[in-house]
Amino acid sequence: QDMLRILRFLDQPLDLFPEKFAIQLNDTHPAIAVAELMRLLVDKERISWDTAWDITTRTFAFTNHTLLPEALETWSVELFASLLPRHLEIIYEINQRFLEDVRAQFPGDTDRVARMSIIGEQGGKHVRMAHLACVGSHSINGVAALHTRLLRDHVLSDFDDMTPDKFISITNGVTPRRFLALSNPELRELITNKIGDRWLTHFEDLRELERYADDPRFQEDWRNVKRVNKQRLADRVLARTGIGLDADSLFDIQVKRIHEYKRQHLMALYIITLYRRVKENPGLDIPARSFIFAGKAAPGYFMAKRIIRLITGVADVVNNDADVAGRIRVAFLPDFNVKNAHPIYPAADLSEQISMAGKEASGTGNMKFTMNGALTIGTLDGANVEIWEAVGADNFFLFGMNAEDVVARKQAGYRPWEYESENPELREAIGLIESGTFSGGDRELFRSLVDSLRSRDAFMVFADYADYVRCQDAVTEAWRDTGNWTRMSILNTARSGRFSSDRAIREYCEKIWKLEPVSVEMTY
């Protein structure tokens, strides 16, 4: 309504609407806007359907942010009719005309018509908001190269078959001003003293740091900055949780939404494995490591909350065991949000990006860690693929199946219990959970979590466990070489330029909105 008001104020004709405004649908949540603009144009402005539809489809573009079916929003027709009856009428009209085009392009393919319909029939009639967004937009983009490919090949493959020119890929980005310059002032100063401050708006200039990666003095300065940040986070963890962390230990951090596909429980299994090794051999020579978690779980997501409970249960045991002697510390930092994340990213030595391949759309936490000099341990999932390519395979700890491996393994018949029976360390880690070791002797608390992993394991934790443990052991050995670890850290920051939001927004302007940059003179 406000856009139309502005257009009238400028005394511009309606057919210029797409030239003056671009509307980006950020996932499926605002997709009702397609029907709303049609309602305004047809009912209020009294223009023809075809003209209104042309304006609408040239105005909207759709960014998909997920590969999870449950996140592709749907609404029951009954609810829709009771709240927005006119919008539902418009959606039915859009759908009827769209399906005529589908039948014309794919004659006789009734299954395709049913799959592509905006109105779903299974489980009661419902409006598929992602389909409405696809039909009503001139552009559809994923948020990482792998994500876009999986959208085209699987989630939205029918739409790709029909309108392949709509699909493009724009990898997410994060702002270096907030997530490096503001949250890591010591590193900002160190970088600026070396290469000047142009990098703040031309993030690709960080490549100039590469020539200092082997400089012993610069490495020492880099480590000093990292230790300041680690002590700052350790102080916060102590104040919030009462858990003391050694700032000289390896800070191994996973902060993100708590979800089974992100596999916080895989990291927990490694901690349990490491703990069991120490218990069997109290004199084991391992570098001190602090495992730090943070993140929120959806209120009704039972299994996510069980995972949090497992992490805190492991922390209670490991942190208070004299045999461990401080070599392993575990903390779950509460109230994760952008503000509380500021001291976390700069403090990380190791960034955990361990989702099952083929499930993460992009990830942006992975970028925030990388630009602050954390090394990544991760799968080839989401933007991890592009981080791995950017920083170099030698500066990234890669493990696990890729997206194609996951599909093949599932098609062959995935039997997670076989992995447990064949891997003694996995079997013993699960056994400790079952025994009540991390639940005060309660053998029932984690039964649902263990049963789910053993019988179904939808996100293939057991399948990737052995390679994850192998990779974590490689991390331990790499950490012992302080100079080389620092070199890899510097190179991660130096090669993170492509993950700036400046680049992402520039690509939206060029590829979707067709906008030209305008010079603006700033006065102070």
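- Applying the salt bridge (Lys or Arg N to Asp or Glu O under 4.0 Å) rule to pairs touching residues 493-505 yields Arg177-Asp502, Glu210-Arg495, Arg503-Glu507, sequence neighbours excluded.
- Between the side chain of Tyr92 and the main chain of Ile119, no donor-acceptor pair closer than 3.5 Å is present.
- Taking CE of Met371 as the reference point, atom CZ of Phe179 lies at 9.0 Å (rounded to 0.5 Å).
- Under the 4.5 Å side-chain criterion, counting only non-hydrogen atoms from C-beta, Leu14 is in contact with Leu4.
- Considering every non-hydrogen atom in both Val34 and Gly136, the closest pair reads CG1-CA, 4.0 Å.
- Across His147 and Ala361, no two heavy atoms sit closer than the pair CB-O, 2.9 Å.
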Query - Test side-chain contact (heavy atoms from CB on, under 4.5 Å) applied to Asp161 and Arg112, step by step - result: CA-CA 11 Å; Asp161 289 344; Arg112 184 184 296 268; 3.2 Å; yes
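- For residues 122-131, no residue pair satisfies the side chain to side chain donor-acceptor pair (under 3.5 Å) rule, not counting sequence neighbours.
- Looking at Ile168 and Thr148, their side chains never come closer than 4.5 Å, going by heavy atoms from C-beta outward.
- In this structure, the side chain of Glu386 engages the main chain of Ala145 through a donor-acceptor pair within 3.5 Å.
- For the residue pair Ile377 and Ile354, the shortest heavy atom distance occurs at O-CG2, 3.7 Å.
- For Thr379 (side chain) and Ser355 (main-chain N/O), a donor-acceptor pair under 3.5 Å exists by modelled atom type.
- Between the OG1 atom in Thr192 and the CG atom in Leu187 there is a gap of 9.0 Å [rounded to 0.5 Å].
- By the side chain to side chain donor-acceptor pair (under 3.5 Å) test, Arg39 pairs with Glu36, sequence neighbours left out.
- Rounding to the nearest 0.5 Å gives a distance of 7.5 Å between CG of Asn141 and OG of Ser169.
- Judged by distance alone, with hydrogens and angles left aside, the side-chain atoms of Lys305 form no donor-acceptor pair with the main-chain N or O of Ala297 at under 3.5 Å.
- The neighbour count for Lys410 NZ, taken as heavy atoms of other residues, nucleotides or ligands under 6.0 Å away, is above 12.
- The two residues Thr171 and Ala504 come nearest to each other via the heavy atoms O-CB, 3.7 Å.
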**Report entry** Audit row: Tyr301, Ile258, side-chain contact (heavy atoms from CB on, under 4.5 Å) steps and yes/no
**Finding:** CA-CA 9 Å; Tyr301 193 174; Ile258 310 297; over 6 Å; no
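- Put simply, CG on Leu156 and CZ on Phe62 are 6.5 Å apart, with the number rounded to the nearest 0.5 Å.
- For Leu206 against Thr493, the heavy-atom pair with the smallest separation is CD1-O, 3.6 Å.
- Among residues at least two apart or in separate chains, salt bridge (Lys or Arg N to Asp or Glu O under 4.0 Å) pairs with a member in residues 395-406 are Arg149-Glu404.
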Requested in this report: Take Asn229 and Phe251, measure what side-chain contact (heavy atoms from CB on, under 4.5 Å) needs, and give me the verdict at the end.
Outcome: CA-CA 11 Å; Asn229 285 313; Phe251 274 29; over 6 Å; no
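- Qualifying side chain to side chain donor-acceptor pair (under 3.5 Å) partners for Thr57, counting only residues two or more places apart in sequence or in other chains: none.
- Rounding to the nearest 0.5 Å gives a distance of 9.0 Å between OG of Ser351 and CG of Asn492.
- No donor-acceptor pair under 3.5 Å is formed between the side chain of Thr28 and the backbone N or O of Leu72.
- Under the 4.5 Å side-chain criterion, counting only non-hydrogen atoms from C-beta, Met162 is in contact with Phe98.
- Between Phe499 and Thr364, the closest side-chain pair of non-hydrogen atoms is not below 4.5 Å.
- For the side chain to side chain donor-acceptor pair (under 3.5 Å) condition, the pairs that include at least one residue of residues 6-15, sequence neighbours left out, are Arg8-Glu45.
- Among pairs with a residue in residues 13-41, those fulfilling ring-ring contact (aromatic ring centres under 6.0 Å, His included) read Phe17-Phe21, at least two apart in sequence or across chains.
- In Arg178, the CZ atom is not crowded: 12 or fewer heavy atoms of neighbouring residues, nucleotides or ligands sit closer than 6.0 Å.
- Of the possible polar contacts, one joining the Asn95 side chain to the Ile118 backbone as a donor-acceptor pair under 3.5 Å is found.
- No donor-acceptor pair under 3.5 Å is formed between the side chain of Arg456 and the backbone N or O of Leu453.
- Residue pairs meeting the side chain to side chain donor-acceptor pair (under 3.5 Å) criterion with at least one partner in residues 511-521, sequence neighbours excluded, are Gln24-Trp513.
- Without hydrogens or angle criteria, Asn395 side chain to Met488 main chain gives no donor-acceptor distance under 3.5 Å.
- Considering only residues two or more places apart in sequence or on other chains, Asp50 meets the side chain to side chain donor-acceptor pair (under 3.5 Å) condition with Arg97.
- Side-chain contact between Val42 and Ile90 is absent, with no heavy-atom pair separated by less than 4.5 Å.
- Remark: Arg198 does not engage Glu208 in a salt bridge, criterion side-chain N to carboxylate O under 4.0 Å.
- Nearest heavy-atom pair across Ala463 and Arg409 is CB-NH1, 4.0 Å.
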Query raised in the report: Can you check side-chain contact (heavy atoms from CB on, under 4.5 Å) on Lys20 and Leu10, steps first, answer last?
Result: CA-CA 11 Å; Lys20 301 298 182 183; Leu10 296 175; 5.5 Å; no
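- For Asn372, the side chain to side chain donor-acceptor pair (under 3.5 Å) criterion is met by Asn184, not counting sequence neighbours.
- The local environment of CH2 in Trp388 is sparse, with at most 12 non-hydrogen atoms from other residues, nucleotides or ligands closer than 6.0 Å.
- The neighbour count for Glu204 CD, taken as heavy atoms of other residues, nucleotides or ligands under 6.0 Å away, is above 12.
- Residue pairs meeting the ring-ring contact (aromatic ring centres under 6.0 Å, His included) criterion with at least one member in residues 349-384, sequence neighbours excluded: Tyr345-Phe369.
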Query - Stepwise side chain to side chain donor-acceptor pair (under 3.5 Å) check, Asn384 with Asn366 - result: CA-CA 7 Å; Asn384 285 357; Asn366 49 6; 3.0 Å; yes
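- Residue pairs meeting the salt bridge (Lys or Arg N to Asp or Glu O under 4.0 Å) criterion with at least one member in residues 331-353, sequence neighbours excluded: Lys230-Asp349, Arg240-Asp335.
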Report task. With side chain to side chain donor-acceptor pair (under 3.5 Å) as the test, would you mind laying out the steps for Tyr468 and Gln472 before giving the verdict? Result -> CA-CA 6 Å; Tyr468 179 61; Gln472 282 284 19; 3.0 Å; yes
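- In terms of modelled atom types and a separation under 3.5 Å, the side chain of Asn172 and the main chain of Gly363 share no donor-acceptor contact.
- Residues Lys262 and Gln254 have side chains that never bring a donor and an acceptor to within less than 3.5 angstrom of each other.
- Taken from NE2 in His138 to CG in Asp54, the straight-line distance is 11.5 Å, to the nearest 0.5 Å.
- A donor-acceptor pair under 3.5 Å is formed between the side chain of Asp457 and the backbone N or O of Phe462.
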